[in-house]
Every structure is written in structure tokens, then in C-alpha cells.
Amino acid sequence: MRTVTLIGKPGCHLCDDAREIIAEVCAEVGAAWEEKDINTDEELYRKYWEQIPVVLVDGAQHDFWRVDRGRLRRALGA
């Protein structure tokens with residue numbers, strides 16, 4: 001099963017937008033998704049703090065700042 005990871009933080013409106021799109025696309029294609037808070041993980045903070053929200057597909061960086069529904073669907077094989 002494919003897994004999408006959203007790396008963001010509370011109070012981030014772009015993260016809220018990304019969460020909505022990821023949940024919708026993952027439900028459509030049957031992929032799992034998870035969310036990680038950049039404030040609770042030093043490595044994620046160091047790596048991605050200027051890019052949130054960051055989207056990973058199966059652990060590889062897919063997008064940042066904005067999520068494109070069609071691009072995410074294609075990445076998930078739909």
C-alpha cells in the first residue's frame with residue numbers, strides 16, 4: 001500500500017489545505033496517509049522548516065507549499 005506523509009505544523013493554513021487534498025486523494029485511490037508535526041521532530045524541522053507543508057510519497061519528497069490533486073493522483077498510480 002502506498003503511503004503519503006504530510007509534514008506540517010498546527011496553525012499553518014497551507015498545511016490545512018494540503019491535509020484536505022491528501023485525505024481526499026488517498027480516499028479515492030486507497031492509499032494510506034499520516035501526518036507529522038515539524039515542531040516535534042528536530043530532524044524534520046532542520047530538513048524542511050522553510051518548505052512546509054511538505055508531502056512525501058513512500059518516504060520520498062513529492063511536493064512542498066501546495067499540493068496538486070492531479071499530480072498526487074499520478075504519483076499514487078491513479
Side-chain angles (χ1 to χ4, degrees):
M1 177 180 279
R2 310 295 304 272
T3 301
V4 177
T5 304
L6 169 62
I7 301 169
K9 68 178 185 177
C12 166
H13 72 280
L14 292 177
C15 300
D16 294 339
D17 294 345
R19 183 180 307 108
E20 190 174 304
I21 292 167
I22 291 167
E24 176 187 310
V25 171
C26 286
E28 287 175 10
V29 302
W33 75 279
E34 63 185 358
E35 188 168 354
K36 295 186 178 182
D37 183 345
I38 199 167
N39 293 318
T40 62
D41 187 312
E42 189 175 315
E43 182 180 346
L44 291 177
Y45 185 87
R46 184 177 32 79
K47 193 170 183 180
Y48 298 119
W49 71 276
E50 289 184 324
Q51 298 178 345
I52 62 165
V54 174
V55 178
L56 310 178
V57 174
D58 296 331
Q61 188 169 346
H62 169 75
D63 251 330
F64 62 97
W65 294 335
R66 301 223 183 257
V67 180
D68 179 275
R69 280 179 178 83
R71 187 168 183 271
L72 183 56
R73 279 187 195 102
R74 288 187 300 276
L76 294 170

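Sequential numbering from 1 along the given sequence is applied to the chain's residues. In this text, all values refer to a predicted model and were calculated from it rather than measured experimentally.
Annotation: Glu20, atom CD; neighbour count of heavy atoms from other residues, nucleotides and ligands within 6.0 Å does not exceed 12.
Under the 4.5 Å side-chain contact rule for hydrophobic residues, Val67 and Leu76 share a cluster. With hydrophobic clusters built from ILVMFWY side chains whose heavy atoms lie under 4.5 angstrom apart, Leu14 does not share a cluster with Phe64. Taken together through direct or relayed side-chain contacts under 4.5 Å among Ile, Leu, Val, Met, Phe, Trp and Tyr, Leu56 and Trp33 form parts of separate hydrophobic clusters.
Remark: Asp16 engages Arg19 in a salt bridge (Lys or Arg N to Asp or Glu O under 4.0 Å) (not counting sequence neighbours). Not counting sequence neighbours, the partners of Arg71 by the side-chain hydrogen bond (donor to acceptor under 3.5 Å, both in side chains) test are His62, Asp63. Qualifying side-chain hydrogen bond (donor to acceptor under 3.5 Å, both in side chains) partners for Gln61, counting only residues two or more places apart in sequence or in other chains: Gln51.
For the pair Lys9 and Asp37, the salt-bridge criterion is not met [side-chain N within less than 4.0 Å of a carboxylate O].
Here the closest heavy-atom approach between residue Leu6 and residue Cys15 is recorded as CD2-O, 3.9 Å. Pairing each heavy atom of Asp17 with each of Arg66, the nearest pair is OD2-NH1, 4.2 Å. Residues Tyr48 and Ile38 come closest through the heavy atom pair C-CD1, 3.8 Å. Contact record, Ile52 with Trp65: O-CD1, 3.4 Å, taken as the closest heavy-atom pair.
Checking Val4, Ile21, Thr3 one by one against Cys26, the side chain to side chain contact (heavy atoms under 4.5 Å, CB included) holds for a single residue, Val4.
A heavy-atom distance below 4.5 Å is found between the side chains of Leu72 and Val57.
Judged by distance alone, with hydrogens and angles left aside, the side-chain atoms of Arg46 form no donor-acceptor pair with the main-chain N or O of Glu42 at under 3.5 Å.
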Stepwise side chain to side chain contact (heavy atoms under 4.5 Å, CB included) check, Thr5 with Ile7: CA-CA 6 Å; Thr5 304; Ile7 301 169; 4.2 Å; yes

Worked check of side chain to side chain contact (heavy atoms under 4.5 Å, CB included) between Lys47 and Tyr45: CA-CA 5 Å; Lys47 193 170 183 180; Tyr45 185 87; over 6 Å; no

